[in-house]
Amino acid sequence: MAISGAVDYVARMKHEPTIFEERDRDAEAAAIARARADVAAGRVHSHEVVKEWLMTWGKANRLPFKEWLAARNGDR
């Protein structure tokens, strides 16, 4: 009977959203606007380039994307 009571109690509990469930619509709109501006300005990289960088994750001497890209392109 104790388990049944606990199940009923949990079923009646009010769901409180966590910080990960609350949407910040202004922040989302700003992020979308920045992304669209980047695309319009040509600040994008191909899927293949990003995939190549992702394949370095978990390996020794992994670099942040911008540094990796510079090294890949011989800019440093």
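Atoms OG1 and CZ, on T56 and R72 in that order, are 11.5 Å from each other to the nearest 0.5 Å. In this structure, the separation between CE on M55 and CZ on R62 is 13.5 Å, given to the nearest 0.5 Å.
Across all non-hydrogen atoms, the minimal contact from D38 to V44 is O-CG1, 4.3 Å.
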Q) Where do T18 and E21 land on the side chain to side chain contact (heavy atoms under 4.5 Å, CB included) test, with the steps shown first? A) CA-CA 5 Å; T18 68; E21 293 175 291; 3.5 Å; yes
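Shown here are the salt bridge (charged side-chain N to carboxylate O under 4.0 Å, His left out) partners of E16, two or more places apart in sequence or in another chain: K14. Residues forming a salt bridge (charged side-chain N to carboxylate O under 4.0 Å, His left out) with E28 (at least two apart in sequence, or on another chain): R23.
Residues V49 and F65 are in side-chain contact: their nearest non-hydrogen atoms beyond the backbone lie under 4.5 Å apart.
Classification of the W68-W53 ring pair by plane angle, with boundaries at 30° and 60°, yields tilted.
In the hydrophobic clustering, V10 connects to Y9, M13, either directly or through intervening members, whenever side-chain heavy atoms lie under 4.5 Å apart.
E22 places no side-chain N or O within donor-acceptor distance of the main-chain N or O of I19, the cut-off being under 3.5 Å.
Other residues, nucleotides and ligands place more than 12 heavy atoms under 6.0 Å from the CZ atom of R43. Taking a 6.0 Å sphere around CG of D8, one finds it holds more than 12 heavy atoms contributed by other residues, nucleotides or ligands.
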